[in-house]
Q: 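The structure's right below; bear with me while I get my questions together.
Quick caveat, the model's predicted, so the values are computed rather than measured. Each chain gets a letter, A, B and so on, in the order the sequences are listed, and its residues count up from 1.
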There are 2 protein chains.
Amino acid sequence: MSSREDGLDSIDRRILEVLQKDGRISNAELADKVHLSASACHRRVQRLEKDKFIKGYVALVDPRKINRKTTVFVEITLSGQADEILSGFEKAVSLIPDVLECHLMAGSADYLLKVVAEDAEDFARIHRRHLAGLPGVQTLQSSFSLKQVRQTTALPV
Amino acid sequence: MSSREDGLDSIDRRILEVLQKDGRISNAELADKVHLSASACHRRVQRLEKDKFIKGYVALVDPRKINRKTTVFVEITLSGQADEILSGFEKAVSLIPDVLECHLMAGSADYLLKVVAEDAEDFARIHRRHLAGLPGVQTLQSSFSLKQVRQTTALPV
DNA sequence: TTATTATTCGAATAATCTTCGAAAACTTAT
DNA sequence: ATAAGTTTTCGAAGATTATTCGAATAATAA
């Protein structure tokens, strides 16, 4: 049985660890790595999918190869914190494909956005055309990333 | 031929679009969606992999299900900007599994980290045990995310 | 137009997934 | 401790999918 209250044992964790690194590993090879038969391993993966421990599988595209070299973090303060303002903002921001992440932050009613652009000029376009016009926005503060030192989607399990 | 200078045509882009949403779609179904035969589609995917447009395939794990409910952004200023200080810091920070992202930011010689923790108390542990002791660190400023409004790994293509 | 190259298709084979019943391991209650 | 019940495992068989290949088509250049 597991020590944490999530219903996963050490084999499940190892499976998640491997799949977070290689989502297309064959079931047979995965089974080898976790020391199970293919069928037993397959059943566990199915359970992890059914129970939504695994949200999905995705291909990761290299941003540099498709000309998205610029990452910008944008801090946004809204003009108020009424519920309609917040949810209006959240709904609108979710529709911008250049915005990869949006967090409601503690402290003030601030949002933090992670935006990808082709270059600084392209970010200016996104800023003007999409961000500045978001409903309820009071101030925008943009910070450019010069270099991605580390980037992973793998959570520690 | 493509309008952008990346050597991709509209079918390649559509393939990337689909694979960024579902990295485990069968080649036959993918071929359907982009209106190609299975073999032609397969060849294109192989090329996108070989040329590293696709960095890899991963399973996305739901942080809430494995008790990683807390996301914190940490701004770090270093005591100097000598090359050894920076690279020492970068090397060390890359080894911390709770740090999902680390960016060298423009402006001052600041780093921005995205950290996942079980809860605030667990973040305190990470802060003490891993972050505060990083080489060259002068100041740390942590900002907690209250709510993940949007989260995607899919770049616009 | 014609030669050349790149991309496509369809079919055949190879690899992989998925399901199933039976055996083993583990739990629980008596 | 043991027996009943439950869960997990294994191995084999069938179903699905990936991959390769030669021939045909389409695109490009001379």
Q: Tell me whether the OP1 or OP2 atom of C:dT19 has a side-chain N or O from A:Q46 closer than 4.0 Å.
A: yes
Q: If you check every side-chain atom of B:H42, which of D:dT19, C:dT19, D:dT9 has the closest atom?
A: D:dT19
Q: Could you tell me the separation between the CG atom of A:L30 and the P atom of C:dT18, rounded to a whole number of Å?
A: 13 Å
Q: Would you mind reading off the distance between A:I11 atom CD1 and C:dA25 atom P, rounded to a whole angstrom?
A: 14 Å
Q: Could you check how far CZ of B:R47 sits from C1' of C:dA6, rounded to whole Å?
A: 11 Å
Q: Charged N to carboxylate O under 4.0 angstrom, A:D6 versus A:R13?
A: yes
Q: What integer distance in Å separates A:R43:CZ from C:dA25:P?
A: 18 Å
Q: What is the distance from CZ of B:R44 to P of D:dA18, rounded to the nearest Å?
A: 18 Å
Q: Has the side chain of A:S37 got a donor or acceptor that lies under 3.5 Å from a partner of the other kind on the base of D:dG11?
A: no
Q: Could you tell me the separation between the CG atom of B:N27 and the C1' atom of C:dG10, rounded to a whole number of Å?
A: 14 Å
Q: Report the relative orientation of the aromatic rings in B:F123 and B:F144; use parallel for angles under 30°, tilted for 30 to 60°, perpendicular for over 60°.
A: perpendicular
Q: Answer yes or no: is there a donor N or O on one side and an acceptor on the other, between the side chain of B:K65 and the main chain of A:D51, under 3.5 Å?
A: yes
Q: Quick one: A:E49 CD to C:dC17 P, roughly how many Å, whole number?
A: 12 Å
Q: Measure from the side chain of A:S39, starting at C-beta and using heavy atoms only, and say which of D:dT20, D:dA12, C:dT8 lies closest.
A: D:dA12
Q: Would you mind telling me which of D:dT9, C:dG10, C:dT8 lies closest to the side-chain atoms of A:L36?
A: D:dT9
Q: In whole angstrom, what separates B:E29's CD from C:dC17's C1'?
A: 16 Å
Q: Do B:D9 and B:R44 have side chains that get closer than 4.5 Å, going by heavy atoms?
A: yes
